[in-house]
Structure formats: C-alpha cells, structure tokens
Visitor: 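Quick one: the structure is below, and I'll ask about it shortly.
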Amino acid sequence: MKKPEISFDSIPSSAVSKTTLKICLKCAFDVFTKQLKLTPRTAYSELKKHVPEEVDITGAATSRPHFADQPETDHCPYCNGAKRWFAEFHAMRIDASPSFEKDRKKLWAALKKQPDRFTLWSPERTKMQIFSEWLERLNRSLTFESDQWLLDAAVSQIRRSAPSNDWDNVLSSGVRRVQLSRQVEDGWKYEDQWLYVSPALYGDVIMVQHLLSRSHQHGGRTFEGRLTFQELIRRLRRIGYFEAKGIDADDPYEAFEQAIARLVDSGPSAVYYAVDRKDYLAKLKSVYQKKRDK
Ligand SMILES: [Zn+2]
C-alpha cells in the first residue's frame with residue numbers, strides 16, 4: 001500500500017534549510033565490489049543501510065562518493081560516471097524553537113514510521129553554534145554585489161526572530177523597505193511593502209548586517225551606512241536599542257557582547273535532521289538489478 005507523502009509545511013520555513021546531496025552509485029558499488037571484493041548482492045545489502053554524514057550534507061567535508069548538487073554537473077567528479085549513476089538525498093535541517101516544538105514532534109513521529117526512508121538525528125549544538133551556522137548559511141545564500149543583500153538579511157533576521165508560517169502570507173507581495181519605527185506594537189507592522197520594526201528588532205537587523213559584512217571587503221555595511229565598531233555602538237545607542245533590550249553596560253565591547261548574547265539566546269535551541277533516502281533507495285535498487293541481470 002502506498003503511504004501518503006509526509007509534508008514539512010507545519011514547520012516555519014525560516015527554520016528549515018533544505019539540502020540536496022548527490023551520490024554516485026558507480027563509485028559506491030565499486031568500493032564494495034572492486035576494493036573489498038564483495039558480491040554485488042552483499043554490496044547492495046550494505047549500501048541499503050548507507051546514510052551520508054552531516055559534514056557531507058553541509059559541504060564542510062563532502063567526500064566520495066558524495067558531491068554537492070549543481071545543475072552543471074553531468075559526470076561524477078570522482079569516476080567520471082554518467083548521470084544515470086546519480087542518486088539524491090534530500091536533507092532537511094530544522095533549527096527548533098519552543099514556539100513550534102509541538103508541530104516538530106508530530107512531524108518526527110510521522111517520519112519515524114518510515115525508518116527505511118527517513119533517517120533522523122539531532123546533533124549536539126549550543127545556541128551560539130546554531131546562531132553562527134545560521135549566519136554562515138545566510139552569508140553563502142546572499143550576493144554582496146548589490147545592496148539587495150541588506151534587505152534580504154534584514155527580512156531573514158526578522159522572520160527568524162518570530163518563526164511562523166504566517167510570514168509567507170504577510171510578506172507575499174515583498175518587502176521594499178525596512179523602517180525603524182517607535183510606534184509599532186509587538187515588534188513590527190507591514191504596510192504597502194514597508195516593514196516597520198521596533199528599535200529592538202531594527203537594532204538586531206543592524207547587528208546581523210554588521211556581522212555578515214565584516215568578513216567582506218569594505219565591511220561593516222548596514223542600513224545605517226558603513227559603520228566602524230564604535231559608530232555601530234553609538235548608532236545602536238541613539239536608536240534606543242540597548243535600552244529596549246535592557247542592556248545597561250557603558251563599555252562598548254561589553255554592550256556589544258551582551259547584545260550578541262541576547263540575540264543568540266532568543267534564537268533556536270536545538271537542531272534536527274531528517275534525511276529522505278527515497279530517491280537513493282529506488283536508484284540503488286535499479287542499479288543493483290541491472291548488475292545482477294548482466
Ligand atoms: Zn563516481
């Protein structure tokens with residue numbers, strides 16, 4: 001009987017990152033049949049258990065027979081094998097927050113009923129690590145050539161500050177500008193493609209922009225222009241950011257550190273991975289059957 005497809009839509013999209021990882025089944029079989037001299041049948045039963053590691057998925061250390069999903073790749077980077085040897089893993093990473101933990105648990109319960117197809121794990125992470133990894137992913141997803149990244153980074157931070165699927169509806173006609181406003185209640189208000197945000201949220205946006213761009217040439221760029229560290233702190237003070245966040249440190253470095261701590265602390269607290277092996281298992285089977293019938 002065909003099981004209904006499981007939907008990940010209950011999880012706020014700002015909390016999910018999806019990665020497609022490719023594997024070359026020619027390379028994968030060769031390890032067992034050529035190097036270890038095992039029969040195709042044994043190789044198949046071993047390979048059925050295979051799950052890529054987190055470092056393969058993130059790209060931190062993608063190793064043979066895995067490689068990153070890129071549209072122009074039509075031959076295996078290791079053995080030059082043709083596309084028909086390729087299979088895909090679809091990895092979903094969820095940066096979990098208490099606000100949608102109920103939905104996450106429900107989803108996981110459904111995924112657990114298909115243990116062959118879905119591999120689940122939860123790597124140990126501190127909140128600071130989760131924050132840094134989010135910044136890294138955001139950094140990779142942005143193009144810094146035009147100023148559009150400032151807006152994209154701002155919207156990412158705002159969505160992340162209150163993970164919800166409502167954002168997709170609210171912001172469906174796009175955001176042209178993020179505007180500091182002392183009048184908004186509950187942090188933000190959206191009107192005519194303008195997103196009005198409170199000093200606390202606006203300050204968080206400026207902080208994130210500063211963190212993202214400081215590793216780049218001509219770094220320190222924000223909605224408030226290009227700022228040195230001292231200028232950043234002065235600007236944040238002037239908009240009432242530290243006050244809004246209850247930070248009363250006089251020393252700029254200490255104020256900055258406390259602001260980072262608040263930003264990190266208000267963020268996700270755990271990481272969950274679900275790796276969908278559907279495509280992989282199907283292709284593996286068909287490659288094995290062709291090998292066997294030869
Ligand atoms: Zn290969």
Side-chain angles (χ1 to χ4, degrees), residues 2-3 5-8 13 16-95 108 111-125 129 132-143 271-294:
K2 206 168 176 284
K3 292 194 188 84
E5 282 293 312
I6 295 171
S7 162
F8 283 71
S13 55
V16 181
S17 43
K18 299 177 193 171
T19 313
T20 297
L21 181 71
K22 299 256 195 197
I23 183 166
C24 170
L25 295 175
K26 189 175 191 308
C27 284
F29 264 103
D30 281 358
V31 170
F32 290 98
T33 56
K34 291 195 176 148
Q35 289 178 29
L36 302 172
K37 312 278 182 220
L38 298 168
T39 63
R41 188 193 162 86
T42 315
Y44 176 56
S45 73
E46 285 301 314
L47 282 169
K48 271 200 289 191
K49 294 180 239 164
H50 175 71
V51 181
E53 289 179 44
E54 193 188 3
V55 289
D56 289 307
I57 294 162
T58 60
T62 309
S63 64
R64 189 174 187 176
H66 311 99
F67 54 97
D69 177 39
Q70 265 148 3
E72 68 272 20
T73 309
D74 52 10
H75 283 90
C76 168
Y78 309 106
C79 75
N80 207 33
K83 249 184 179 169
R84 66 191 153 84
W85 293 100
F86 295 2
E88 287 178 353
F89 293 100
H90 296 278
M92 311 286 250
R93 170 183 163 139
I94 295 176
D95 284 8
W108 246 238
L111 296 172
K112 275 182 191 160
K113 289 182 186 154
Q114 299 184 44
D116 280 349
R117 177 169 171 186
F118 294 102
T119 302
L120 309 174
W121 77 85
S122 178
E124 284 291 321
R125 290 291 200 283
Q129 287 170 323
S132 316
E133 288 170 353
W134 171 74
L135 267 189
E136 261 177 53
R137 287 198 302 278
L138 187 56
N139 198 351
R140 278 201 302 269
S141 74
L142 299 170
T143 34
V271 174
Y272 293 90
Y273 272 95
V275 176
D276 184 352
R277 305 196 307 143
K278 185 183 177 182
D279 181 73
Y280 169 72
L281 290 174
K283 299 252 169 70
L284 185 69
K285 191 174 179 182
S286 94
V287 165
Y288 167 63
Q289 283 168 344
K290 274 180 208 144
K291 274 186 179 291
R292 191 192 52 189
D293 299 342
K294 243 201 296 200

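Given the structure is predicted, the values throughout are model-derived calculations rather than measurements. Both ligands and their constituent atoms are indexed starting at 1 by order of listing. Sequence positions, counted from 1, serve as the residue numbers for this chain.
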Visitor: Does any non-hydrogen side-chain atom of Thr58 lie less than 4.5 Å from one of Thr19?
Guide: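 SC-SC contact between Thr19 and Thr58 ruled out.
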Visitor: What side-chain hydrogen bond (donor to acceptor under 3.5 Å, both in side chains) pairs are there with at least one residue in residues 74-86, not counting sequence neighbours?
Guide: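 Qualifying pairs: none.
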Visitor: I'd like to check the ring-ring contact (aromatic ring centres under 6.0 Å, His included) partners of Phe67; sequence neighbours left out, ordered by chain and number.
Guide: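 ring-ring contact (aromatic ring centres under 6.0 Å, His included) list for Phe67, sorted by chain: Phe86.
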Visitor: For the Zn ion (ligand 1), which protein N/O/S atoms fall under 2.8 Å? Skip waters.
Guide: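 Metal shell, protein only: Cys24 SG, Cys27 SG, Cys76 SG, Cys79 SG.
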Visitor: Would you please name every residue forming a side chain to side chain donor-acceptor pair (under 3.5 Å) with Ser286, sequence neighbours left out?
Guide: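 Partners of Ser286 by the side chain to side chain donor-acceptor pair (under 3.5 Å) criterion come out as none, since no residue qualifies.
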Visitor: Could you report the tightest heavy-atom contact between Lys26 and Cys79, atom names first, then the distance?
Guide: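 The answer is CD-SG, 3.9 Å.
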Visitor: Could you tell me whether Arg117 and Glu5 have a side-chain N and a carboxylate O separated by less than 4.0 Å?
Guide: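 Salt bridge between Arg117 and Glu5, a charged N being under 4.0 Å from a carboxylate O: yes.
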